[in-house]
Amino acid sequence: QAQLVESGGGSVQAGGPLRLSCTTSGLTLVVTRMGWFRQAPGKEREGVSCISSSGTYTYYADSVKGRFTISRDNAKHTLYLQMNSLKPEDTAMYYCAPATSCAANILPGPSFDSWGQGTQVTVSS
């Protein structure tokens, strides 16, 4: 599997934006269904958004729908997550990973075990 590298996180005040990126390190990103996941301290990892291999289908968790936009640039082998109107509850470590489900459930690949370092998003009120 390609090594996934997340970036773009940081600290922002509530209502502000952040743009996360996910790309490979030294390898061409295989065009596949991809998702963004996040994990807050003391909580389980949850699916945030998912995008089809072509980028024509997207899905968002109810908690972020209308605020986040997932996109991809396959030519650049990069996945993005534009986060607007951030809320303190969005504070978490964000990860990207291949997704096996891109509908009601946003799940990582069943055999995926190569999580990147993640990128931390901290939203203050």
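In what follows, residues are counted from 1 in the order of the sequence shown.
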Legend entry - Separation of Ile106 CD1 from Arg45 CZ (nearest 0.5 Å): 14.0 Å

Inset, instruction - Indicate the atoms forming the closest heavy-atom contact of Ser125 with Pro88, along with that distance. - result: CB-CG, 3.7 Å

Which donor-acceptor pairs under 3.5 Å do side chains of residues 115-124 form with protein atoms, sequence neighbours excluded?
from   : atom 1 : to   : atom 2 : distance (Å)
Gln117 : NE2    : Glu6 : O      : 2.7
Thr119 : OG1    : Gly9 : N      : 2.8

Legend entry - Heavy-atom closest contact (Ala97 atom, Leu4 atom, distance): CA-CD1, 3.9 Å

Inset, instruction - Answer yes or no: is there a side-chain heavy-atom contact under 4.5 Å between Tyr94 and Leu18? - result: no

Inset, instruction - For Tyr95 and Leu20, run side-chain contact (heavy atoms from CB on, under 4.5 Å): C-alpha distance rounded to whole Å, both residues' side-chain angles, the deciding distance at 0.1 Å, then the answer. - result: CA-CA 10 Å; Tyr95 303 87; Leu20 308 184; over 6 Å; no

Legend entry - Same cluster (ILVMFWY, side-chain, under 4.5 Å), Val48 and Val12: yes

Legend entry - Residues that Thr56 engages under side chain to side chain contact (heavy atoms under 4.5 Å, CB included), provided they are two or more places apart: Ser52, Ser54

Legend entry - Ile70 side chain reached by Leu79 side chain, heavy atoms, under 4.5 Å: yes

Legend entry - Contact list for residues 88-106, test salt bridge (charged side-chain N to carboxylate O under 4.0 Å, His left out), sequence neighbours left out: Arg38-Asp90, Arg67-Asp90

Inset, instruction - Please step through side-chain contact (heavy atoms from CB on, under 4.5 Å) for the pair Trp36 and Cys22, ending with a clear verdict. - result: CA-CA 9 Å; Trp36 282 99; Cys22 168; 3.7 Å; yes

Legend entry - Non-hydrogen side-chain atoms of Gln3 and Ser114 separated by less than 4.5 Å: no

Inset, instruction - Determine the minimum heavy-atom distance between Arg72 and Met34, stating which atoms define it. - result: NH2-CG, 3.7 Å

Legend entry - Where Asn74 and Ser53 come nearest, the two heavy atoms and their spacing: ND2-O, 3.1 Å

Legend entry - Any residue meeting side chain to side chain contact (heavy atoms under 4.5 Å, CB included) with Lys65, in chain and number order, not counting sequence neighbours: Tyr60, Asp62

Legend entry - Residues which pass side chain to side chain contact (heavy atoms under 4.5 Å, CB included) with Ser71, listed by chain and number, not counting sequence neighbours: Tyr80

Inset, instruction - Determine which pairs satisfy salt bridge (charged side-chain N to carboxylate O under 4.0 Å, His left out) with at least one residue from residues 10-21, sequence neighbours left out, and list them in order. - result: none

Inset, instruction - Kindly give the heavy-atom pair with the smallest separation between Tyr59 and Cys102, and that separation in Å. - result: CB-O, 3.8 Å

Inset, instruction - Verify the cluster assignment for Leu81 and Tyr57: are they in a single hydrophobic cluster under the rule of side-chain heavy atoms below 4.5 Å apart? - result: yes

Legend entry - Student check: side-chain heavy atoms of Ser7 and Thr23 closer than 4.5 Å: no

